[in-house]
Amino acid sequence: MTAKLRRYHAAVWDEPIVMEMGVPGRRGFHFPEAEAAVRDAIGTASDLIPSTMQRQSRPELPEMSEPDVLRHYLHLSQETLGMMGISLFGTCTMKYNPRLTENLAMDSSIADLHPDQDPDTMQGTLEILANFERMLCELSGMDHFTFQPAGGADAAYTHACVTRAYHAARGELEQRNQIITSIQAHPCNPATATAAGFEVLTLMLEDNGYPSLDALKSAVSERTAALMINNPDDMGIYNPEIKEWVRIVHEAGGLCFYDHANFNGVMSKIRARELGFDACMFMLHKTFGVSKGGGGPAVGAYGCSDELADYLPGRRIVRQGDYYTLRDGGHLSVGRVREYLGNVQQVIKAYAWTRAMGAEGIREASDISVLVNNYMEKELLKVPGLTRSHPDIEGWRIEMTRYSLGKLYEDTGVTVVDVSNRMVDYGVDAPWLSHEPWIVPQPITPEAGEMWSKEDVDYWIAVLRQVCEEAYSDPDLVRNAPHNQAVHRQGPTSLDEPENWAMTWRAYQRKRATRRR
Amino acid sequence: MTAKLRRYHAAVWDEPIVMEMGVPGRRGFHFPEAEAAVRDAIGTASDLIPSTMQRQSRPELPEMSEPDVLRHYLHLSQETLGMMGISLFGTCTMKYNPRLTENLAMDSSIADLHPDQDPDTMQGTLEILANFERMLCELSGMDHFTFQPAGGADAAYTHACVTRAYHAARGELEQRNQIITSIQAHPCNPATATAAGFEVLTLMLEDNGYPSLDALKSAVSERTAALMINNPDDMGIYNPEIKEWVRIVHEAGGLCFYDHANFNGVMSKIRARELGFDACMFMLHKTFGVSKGGGGPAVGAYGCSDELADYLPGRRIVRQGDYYTLRDGGHLSVGRVREYLGNVQQVIKAYAWTRAMGAEGIREASDISVLVNNYMEKELLKVPGLTRSHPDIEGWRIEMTRYSLGKLYEDTGVTVVDVSNRMVDYGVDAPWLSHEPWIVPQPITPEAGEMWSKEDVDYWIAVLRQVCEEAYSDPDLVRNAPHNQAVHRQGPTSLDEPENWAMTWRAYQRKRATRRR
Amino acid sequence: MPAHPRAHPFMPNSVPAIKAELMAALGIDSVDELFAQIPQDHRLDRPLELPPALTSEAALSRHMRSLLGRNRSCADNLSFLGGGCWHHYVPAVCDEIARRTEFLTPVWGTPSSDLGRNQAWFEFTSQLGELLDLELVALPVYSWGCAAGHAIRMASRLTDRRKILLPRYLDPERRAVIETYCEPAEMPSHLEIVEVNGDPETGRLSLDDLRTRLDGETAAIYFENPSYLGQIESDAAEIAALARRHGAETVVGVDPVSLGVLAPPAAYGADIVVGSIQPLGIHMYGGGGLGGFIASRDEPAYAHEYPALMVSIAETTHEEHIFSLALMHQCSYGSREAAKDWTGNSTYLYAIVAAAYMTLLGPEGFRELGSLIVQRSRYAASLLDGIDGITIRFRDGFFKEFVANFDDTGRTVAEINKTLLDRGIFGGIDLSARFPDLGQSALYCVTEVHEQQDLDRLAAALREVCTR
Amino acid sequence: MPAHPRAHPFMPNSVPAIKAELMAALGIDSVDELFAQIPQDHRLDRPLELPPALTSEAALSRHMRSLLGRNRSCADNLSFLGGGCWHHYVPAVCDEIARRTEFLTPVWGTPSSDLGRNQAWFEFTSQLGELLDLELVALPVYSWGCAAGHAIRMASRLTDRRKILLPRYLDPERRAVIETYCEPAEMPSHLEIVEVNGDPETGRLSLDDLRTRLDGETAAIYFENPSYLGQIESDAAEIAALARRHGAETVVGVDPVSLGVLAPPAAYGADIVVGSIQPLGIHMYGGGGLGGFIASRDEPAYAHEYPALMVSIAETTHEEHIFSLALMHQCSYGSREAAKDWTGNSTYLYAIVAAAYMTLLGPEGFRELGSLIVQRSRYAASLLDGIDGITIRFRDGFFKEFVANFDDTGRTVAEINKTLLDRGIFGGIDLSARFPDLGQSALYCVTEVHEQQDLDRLAAALREVCTR
Ligand SMILES: Cc1ncc(COP(=O)(O)O)c(C=O)c1O
Ligand SMILES: Cc1ncc(COP(=O)(O)O)c(C=O)c1O
């Protein structure tokens, strides 16, 4: 494993902020005037709008020509590393986004559909959604899926809502107001549980890398509404007692929700339903090859057993022979977590990706993710200053491993943020560190998945090694990184202070003026 | 005019040559196996191919996965400045390529058409082509246009072929074997004339910037087959005697062809036919907003008078009420200069661009091109070391002006090639210098057209000024440029020697091995 | 199947030799060994049963196209559906930006390596801030309904009150989302929803009814402008003033494409403004094109209640501009269960697309767009109003949607829409089940995509359909 | 029209204030003054009469789509047209690369600033060189026909001879282009074309006839493999040997997608190889997808005759790879009338697309593709051969095209094709006018886009059509 480091430099365009661009009177887009017959019949727009409601001053938007608008945003795109490098962004399972499906999604048969169209006119979409629902059922053992949740967190929220409805139907909701999760669960689990009105109990990890059965037992009670847990967790550790967990929670009368965001390493190996879970979620923008868009549009496909079916949000697709219709949720349904059927075009992409992979491809992807992760681990542990989270736990990790650069930091004062600022100088995308709270110091969490070649993985390792070596030999080089990006690193000013933050140009103009005074 | 210079750096990916990439066994694309019924009926492919004709050794192509192929070419795209900067590439009239039409061209109604389809199935295309032909007739005064020529040079070639056919029909072809052009005509005019079998007479410029009537008169004779000329020429000088030229050539029995590549400055102002020309050509990939693709696919729309109609190449579109059919050329037709109807999708884009502009927009584009060019001239003449070609000719130039950096070179030893290598360091695209032969020393030919904003033009001027000042203050900085590109400048090795050139990887491998010996 | 399994095009390491090399490096003979952590009785003991793999792109493409061929889109037909997802024209530049791989595929990097994307986000908030006349705009949330839900919860936290006023005529989809966000009655943090009637004459909010509902318990009044039924709430300033008088927050939902001609809610006293970004250059995608925004004055009290991510302009160590997330500690990434609601992957690609859209249009584009829509929708309403059996419910003061009542035709909207469908027309949303008091009514939506000829065609079709 | 003319979206300087500023800088009052050089009597004295401007993209888009809606494409129908432009599957990656703005929009810069594009070009020539087994490949010319024309002229210059042998069964389109390149008889540099007969049994070149035509005047024999009628020229080595014996050049036209399974022409003695790059990932575009290549051994004598641009790998001053044009002096940019033919804007974008295509496929992809095509086309022929009245003219040894004769149906190909068209099928190219000796024959083309079901559907349709 000796990857030569690339000479890399980001494109630098020194691009002004759009609010500073343009010239009064320039136009980027015309709308036609209303037709003569329309004008004659109706008059001008201002006649039609109550005068108190007419806009008084023009919005201060830039005035630019069409080519200039395009070029501006093209420049910005080039100034975005954006997975043009090697992105081993852990917990996000970077995937290949097949251009076939991205192109298809721009087709009017997907792009120009209104959600309230007559089902007659959406048979293609409905058939795909129905078939994909069946495919996810096969992958999870669940009986139903909804695609309404617009992200993984929204699926967690959906579960909290379903949990409310389930216990309410039993008259137990007032009593069952606690949701149990672990400190290694994604923050969205406790956050959505709270937003849904529950109290959250968070279990801490034991030496073996997951909370103990005893801790769980002392947390469950007649107040337990649900368990929300992921497995493996972001350290790559699979909790082998998970069936027992489910049993314990079920016994206490709670529901069990499997946050299957980390599905890539275990797909085709285990199924949530067979482990006893009542519900689970898959992130289609993650495991199923849908483009991430820098943070959505996304889909948290939420699946559940027959027992929870009536609580699902939104309209359900019903198959009648070759014809598909939509049925409103019944009186038990949680209603809506978002409007309509969800990010439909993303579901279609996920369906296509899954068809391209097939059962065999999915199994192989899981194998490769885990194989490559453990290969990486072996190599990374040779990097100076890097240790594995829970170093004493024996055995292979699943599809990702959390590491710590705590030693590097102690030895050199270089933080993991410095390290990632420096890594991008070699043309690799910044790695994921860890969700809050950091339970290992200076965490870093690469995940290779199945789309990165061994050469790319070797390159990534070589970059991390290089940067860590630099930290020892020339710590300022790393601390002042990046050096090859469009701009330098963010300055020390805290953006949590009202006088510093400026979420819009107009706020910035005002505050900068104030500061100058 | 005080444009701040951008901090610019090209994206640097240090991207390997694709031939060095990949791993045996990797796949980027699968084809299905033939269906079982096909296999059963037919057997394997090797049974179906005569054994002597079967390929013996696998082509040594790279073996790569789909995401890696995509990423490789995306990296290469980012390493191409490619009009992401400001490109005032003279003689090429850089235009905005509306994304609407680029998207449309990918639609199956354009992309997946076979040229031999029944006209019933191509009515949309044929209607557009027929209407656009009429529009170009209006722009030029000509009676017919063909889109078969696949570039400007091909249109010039078409004219040479039409000239042959025209004189052949009169039994004069053997006698009329000379084509007259000027030293400022694009090289494709003399080259295609020769390739068509003619002898070429090239007129030199006089002090007023164009050849004299006397020179023309002494060139024409009973051997004159045609005149091929552009006007304005690449210096931006309009020959006011052009009507007289046409008269003289016509009197001698020759045809007159107007190379209208430099149409941008004069569109809506003059029409080739009314100046007396028999034929002309428009470059749709230039004046009419069609994407250039780094050198095609292109269209040299060739127009002519009724008198030459029978000689046109290819099939002609015939309108019958609302229905369009195709008619083969008659016995006088020159046959084909290229297969089928030409680069049809590019004609469609040009039609759409012309509809977006309208008569008024086209007039305004011409006005602006000329206005901005003269504004630039005023500013550029303040740049140290820069002079105007034919500095003594009074008056405004049309849509571009040729300049000389001869003085800069004399003063500093910095060439115009050095200057353009340095200009790109500021994020502007390299300028056009001049076609061969260089009739002014160290020529440089910017053309602003109508798509570049005044700010962009000012920026371009500021860059050139900066570089020229650098040439005086620090000539090596310019001579060693570029400094902010993906690679440095090309080394001095001549690529005209067999031992140095290598047009393929396999040639390079062999020659490099040889050189190493 | 070929004798030797082929490496999969998406998986560069699916070459047997590479897998062998990796296994050798780990000293294992089979990948199975790596799963030792997973007890055998957890394992699925059979291969997955999925439809056959289509690893050939040509085959997959054909399969997808044949499925999608069963769809009929609003582009191939004439659609008057709106109500929460609208058929506006999407400029080609927006598609071009949306498909740039640098924006399309990644998650996040550092503020320096993501400079361009973060700047585009800031340009989204900055331009939307101009349209809204507000200084604080967050990155978008999932949808308008979700934005409204969050904003209402913000208002409740700000006022420490739990009663929410909602207009009776509200999109049932949005309403259902809001209800979910308000939590069931059993929850201690439940928000009580109280409906404010619409004025049967104007379709607008009944001020009288509002006065009776507003009280010292009221956390917020939420209303929309234009309203779900399309009406411009001309009493908006009065509504906000009433709310302020009771110490309640005014939360307004607004259609951003109206803001070239309509006053921004901040101008009439809105405290928190929400809405959809879908009309800003994003395709409908069968409902997948939604995205919601939340905005307010830039006051710490408000800023501290946002659940969404917020991008701020900042400086680098070298005084360049850079763009980075502010107030991260209050979102769920930062504080888990102590967070303000939650956030996660949202609709950030659309923020970039919407930024490009707003830049393309500029002030004049928005003005033209708003004017054109108002004129054409009024023209459509006037045509329909002339048809026997059709009554326009609220004859003026609407923006792009209006209510057509078919009671006098003796036919249901469902029947009429089926007949229109046969003619390639998607009639307006059927309101009869949603709002029985409106009788057999449909919500017709007219935008800039409808040329006069389309509206004439609709009228002709309806004339035929209704008088049969 | 609005009262104040609006700045045009494509023209940032069409703002009146900017024009005024520019005019002020020049001290002029009207732009007209700038045209003083153009005599008044040269001027058009009226505004242009063009259809009304559609400056609104929405309006333009609608106009274009309504026109294009009158087309029926090979994707929506089942097409068996080939012969010089083929319906192959275009991978989505190729479209993605083709539309990257950096490749799509520009002309040229410097080798350093265009590093990526020039490298992609070199990767095109290098990969095509591997497929062809040749070291010298130029950048593409306009089309296969143009490539053949240039190659024939190269051969003539190389041999200083003026007689060219062409197969009788040659695509009339290509043939017409070649004839144009050979110049009329009146021209001193005219090349005489002599036809070589096809063998009526096999459809291949008649070696006997070839022997009688070849002589010491012959500059070149040009033939294609597979031939226009689809046949694999299994005597190719013999043909080339005969040519060599007479000091003539062998110029072979080849379909690059056949080269995964067919021997490259260099292997059987071709001197210059030409062909189409359209099958390499480029859409048909109604004939706008063409591009031609020229290749040969890397010998100075050959290299010095190329009219096309050639890109060579080279080194920078810092020993990095760079890619730059070689032998520029011999092309028309370099030497005007003294050039080898001419060059100009060509089809260079397609070179990049074709490079991506070849990389995607790799050696195995080309093998699979070639095998699949051979099998499916043979299957199609065998189905048709079983239909009453249809005879397959040359039953074996073809690649993707074959000749189906309909004489015994008593109907013309034109009639049959019209009936097929009603069923959504584009029948094979009608050869009856092109080659009357083949009777009522059609050239059917089958590629990887045709699944078995499509071929069965064709057979069923033909069975119906022919036996009616
Ligand atoms: C384990 C886990 N659960 C949930 C989520 C939340 O997903 P989203 O960001 O789509 O809301 C993530 C996101 O990375 C995750 O890793
Ligand atoms: C005046 C003139 N004529 C002809 C041409 C040749 O056009 P093409 O490169 O399309 O063959 C050009 C190209 O720039 C030109 O400027």
Side-chain angles (χ1 to χ4, degrees), chain B residues 18 28-29 31 34-35 38 45 50 58-59 63 73 76-77 79-83 108-109 111-115 121 123-124 150-151 153 173 187 190-191 194-195 197 200 238 293 295-296 298 335-336 339-340 343-345 358-359 367 396 424 430 453 485-488 495 498 501 504-505 507, chain D residues 12 31 34 37 48 50 53 67-68 70-73 75 81 100 102 105-106 109-110 112-113 115-117 123 126 129-130 135 142 173 176-177 183 186-187 234 283 285-288 312 316 318 320 326 332 336-337 339 341-342 344-349 360 362-363 368 371 374-375 379 452:
Chain B
V18 82
F29 205 77
F31 292 95
E35 295 80 0
V38 172
R58 294 195 338 159
E63 299 178 55
Y73 288 101
L76 294 187
S77 77
E79 286 185 338
T80 304
L81 185 44
M83 214 176 159
S108 130
S109 62
D112 297 326
L113 246 55
H114 189 283
T121 66
Q123 287 299 303
L173 181 53
T194 316
V200 170
Y238 185 88
R336 298 278 187 282
E339 297 91 316
Y340 311 119
N343 286 318
V344 174
Q345 80 281 20
D367 282 359
W396 309 107
V424 295
S453 67
Q485 296 295 320
V487 291
H488 294 83
L495 295 179
W501 79 55
T504 56
W505 181 247
Chain D
V31 178
L34 299 176
Q37 240 189 99
L48 289 171
L50 294 177
L67 285 168
L68 293 168
R70 300 184 65 194
N71 284 347
R72 289 171 57 189
S73 81
L81 295 166
R100 280 290 284 190
E102 297 90 333
T105 58
T110 71
S112 317
S113 68
L115 178 74
R117 205 255 318 286
E123 296 179 351
S126 294
E130 293 303 330
E135 285 190 355
Y142 305 132
E173 290 279 337
V177 176
E183 307 179 24
E186 291 90 339
M187 302 318 267
S234 42
H283 295 281
Y285 292 120
S312 172
T316 67
H318 289 61
E320 303 132 326
S332 55
R336 302 176 71 90
E337 63 270 25
D341 296 352
W342 79 93
N345 268 295
S346 177
T347 57
Y348 300 145
L349 181 66
L360 261 184
E368 284 180 4
S371 304
V374 171
Q375 288 174 294
Y379 176 75
Q452 185 205 334

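Quick note on labels: first sequence line is chain A, next is B, and so on, each numbered from 1. Since this is a predicted model, take the numbers as computed values, not measurements.
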When Ala75(D), Gly288(D), Ser234(D), Gly129(D) are compared by non-hydrogen pairs under 4.5 Å with chain B, the top option
Gly288(D)
If you count heavy-atom pairs under 4.5 Å between each of Val200(B), Val38(B), Asp367(B) and chain D, which one has the most?
Val38(B)
So which residue, Ala359(B), Ala298(B), Gly151(B), ends up with the most heavy-atom pairs under 4.5 Å with chain D?
Ala359(B)
Does Gln37(D) use its side chain to pair, donor to acceptor, with the backbone of Trp396(B) at less than 3.5 Å?
yes
Side chain / backbone / both / neither for Glu320(D) at chain B, heavy atoms under 4.5 Å:
side chain
Examine whether an atom of Gln485(B) lies under 4.5 Å from a heavy atom of chain D, and if so say whether it belongs to the side chain, the backbone or both; otherwise answer neither.
side chain
Would you mind telling me which of Pro498(B), Pro115(B), Gly197(B) has the largest number of heavy-atom pairs within less than 4.5 Å of chain D?
Pro115(B)
Below 4.5 Å from any heavy atom of chain D, which atoms of Val424(B) appear? Answer side chain, backbone, both or neither.
side chain
Check whether any side-chain heavy atom of Val487(B) sits under 4.5 Å from a side-chain heavy atom of His318(D), and report yes or no.
no
I'd like to verify something: which residue of Ala176(D), Pro12(D), Gly286(D) has the highest number of heavy-atom pairs under 4.5 Å with chain B?
Gly286(D)
Do the side chains of Leu113(B) and Asn71(D) get nearer than 4.5 Å, heavy atoms only?
yes
To the closest 0.5 Å, what do you measure between CZ (Arg70(D)) and CD (Gln123(B))?
5.0 Å
Looking only at heavy atoms and a cut-off of under 4.5 Å, which of Arg336(B), Glu79(B), Met83(B) has the most pairs with chain D?
Arg336(B)
Which one of Glu186(D), Arg336(D), Met187(D), Glu173(D) has the most heavy-atom pairs closer than 4.5 Å to chain B?
Arg336(D)
Answer key: most heavy-atom pairs under 4.5 Å with chain D among Pro50(B), Ala430(B), Ala191(B), Gly335(B) is Ala191(B)
Could you report the tightest heavy-atom contact between Glu368(D) and Phe31(B), atom names first, then the distance?
OE1-N, 2.9 Å
Testing the basics here: between Tyr142(D) and Ser346(D), what is the closest heavy-atom pair and its distance to 0.1 Å?
N-OG, 3.7 Å
Chain B: which of Arg100(D), Glu102(D), His283(D) shares the most heavy-atom pairs with it under 4.5 Å?
Glu102(D)
Count the heavy-atom pairs under 4.5 Å between each of Gly28(B), Ser77(B), Ser108(B) and chain D, then report the option with the highest count.
Ser77(B)
Heavy-atom side-chain proximity of Leu76(B) to Glu123(D) below 4.5 angstrom:
yes
Among the options Gly362(D), Gly344(D), Gly287(D), pick out the one with the most heavy-atom pairs lying under 4.5 Å from chain B.
Gly287(D)
Can you tell me how far the CZ atom of Arg72(D) sits from the OG atom of Ser109(B), to the nearest 0.5 Å?
13.5 Å
Non-hydrogen atoms of chain B under 4.5 Å away: do they reach the side chain of Arg117(D), the backbone, both or neither?
both
Please state whether the side chain, the backbone, both or neither of Val374(D) comes within less than 4.5 Å of a heavy atom of chain B.
both
Parallel, tilted or perpendicular: ring planes of His114(B) versus Tyr340(B), cut at 30 and 60 degrees:
perpendicular
Intermediate values then yes/no, side-chain contact (heavy atoms from CB on, under 4.5 Å), Trp505(B) and Val18(B):
CA-CA 10 Å; Trp505(B) 181 247; Val18(B) 82; over 6 Å; no
